[in-house]
Amino acid sequence: MSTLEKTRVIAHVDLDYFFAQCEERENPTYKDKPVVVCVYSARGGESGAVSTANYIARKFGVKSGMPIVLAKRLLKDVEAVFLPVNHELYRRISGEIMSILRGYADGFEQESIDEASLDVTDRVEHDFNRAKALASGIKNEILDKERLTCSIGVAPNKLVAKIGAGFQKPNGLTVVIPEDAKNFLSPLPIGKLYGVGRKTEKTMLELGIKTIGDLAQRRIEDLIKVFGMKLGIYFHDAANGIDESPVHERSILQISRITTLKEDTRDVDEVAEELDRLCEDVHKRVVDGTFRFRSVGIMIVAENMSIHSRTRTLNSHTNDSETLRAVSHELLERFMKGSHLNIRRIGVRVTDLSSASKQKSLSEYG
Ligand code: DCP
Ligand code: CA
Ligand code: CA
């Protein structure tokens, strides 16, 4: 096989300020104002966190995850719009967009509610110029039909395409040809690399790795020593712009439940008791839907509103309630050992679902 034949062309599409843009679309009078979409907590008042904000609000420093009260303070001198999340609206619009995107792809993988990777290799015959034109066509169609803007990265693999999509936001289009992949990544801060969360970022900085280029220069043996075999190899490849993972269909169905505790606490037993109730409820929905799951995750909102999640992938699919309970407990205990924060909200989620009855719609779960 020649190199040309092996070169893939992947487009990663990510909608701009998605939840807030959906709200603007439904109510055009919001358009020139800061728009902040909020997840209000069960405690009432203004307690809760920012889900996302439009780019006008971002200029004032508003960010996803920040307490609503802080966003209000940042926007106190301007006329701003604060709205509660309307998941049903976002799911419906997402579904419409995903079906447009599918029409442009030889291989398709939805990665979240507002993003997808498209393998377009065959239809552009390995040609990045044609891929750029195709990506423009996608942007135009989404704007025409859905009145929404998105950003697209075109690259030889999913990893670089995804970073490319975030490179010139909003309404961006970034094409990275194979020869440029490594140089494109090199100056970017290490935190931009997929898989480098806040904790890993700290470790990297301690090792003197500030940019993806710094990481690319490290010897793979040294990375394996610090991060273990699997991650060490991944970081080495990723920093060099290498990612061979295929674009594959996957179910993004998930079943989850989250609740606000009566009071902030770091008493494991108290949190575990609530977690058990959530597990029971999630398990009931798993069984009702004749699903089996392969990943179990917990979500934690701490007293300072920081959001944490931990996920474990099992060896095989199951619908066993005891597995769900045991894994979520273990994830909780491990989180609490490594954190001094009181817990405010706790949630549990199962993903990687396989289903006997495929007709279940996404909106029934969530
Ligand atoms: N989201 C959320 N809480 C977060 C991050 C995201 O509720 N901490 C939701 C709201 C976002 C949507 O997921 O609109 C998509 O997340 P993105 O990270 O893609 O962010 P946006 O689409 O809002 O902005 P961007 O223009 O940077 O893509
Ligand atoms: Ca987005
Ligand atoms: Ca996204």
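Start at 1 and go down the list; that is how both ligands and their atoms are numbered.
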*Within the structure, does D14 bring an N/O atom to less than 3.5 angstrom of an N/O atom in ligand 1?*
yes

*List the closest protein heavy-atom neighbour of atom 19 (O) of ligand 1: residue, atom name, distance to the nearest 0.1 Å.*
D114 OD2, 3.0 Å

*Hey, do the aromatic rings of H248 and F108 have their centres closer than 6.0 Å?*
no

*Looking at the Ca ion (ligand 2), which N/O/S atom of D14 is the nearest one?*
OD1

*Of the options Q168, H12, K132, which is the one that meets T174 in a side-chain hydrogen bond (donor to acceptor under 3.5 Å, both in side chains)?*
Q168

*Considering heavy atoms of the protein only, find what lies nearest to atom 23 (O) of ligand 1 and give residue, atom and distance to 0.1 Å.*
T52 OG1, 2.5 Å

*Identify the closest protein heavy atom to atom 27 (O) of ligand 1: which residue and atom is it, and at what distance?*
R58 NH1, 3.1 Å

*Hey, what's the ring geometry for F335 with H308, parallel, tilted or perpendicular (30° and 60° as the breaks)?*
tilted

*Does the gap between the ring centers of H317 and F293 come in under 6.0 Å?*
no

_Heteroatom of E115 nearest to the Ca ion (ligand 3) (N, O or S, atom name)_ = OE1

_From the N, O or S atoms in D114, identify the one nearest to the Ca ion (ligand 2)._
OD2

*Out of Y90, F18, F19, Y55, whose heavy atom is nearest to atom 13 (O) of ligand 1?*
F19

*Out of S51, S94, G172, who gets a non-hydrogen atom closest to atom 4 (C) of ligand 1?*
S51

*Got the closest protein heavy atom to atom 8 (N) of ligand 1, with its distance?*
S64 CB, 3.7 Å

*Which heavy atom in S328 sits nearest to a heavy atom in C279, and how many Å separate them?*
OG-SG, 3.2 Å

*Proximity of F227 and Y234 rings by center, below 6.0 Å*: no

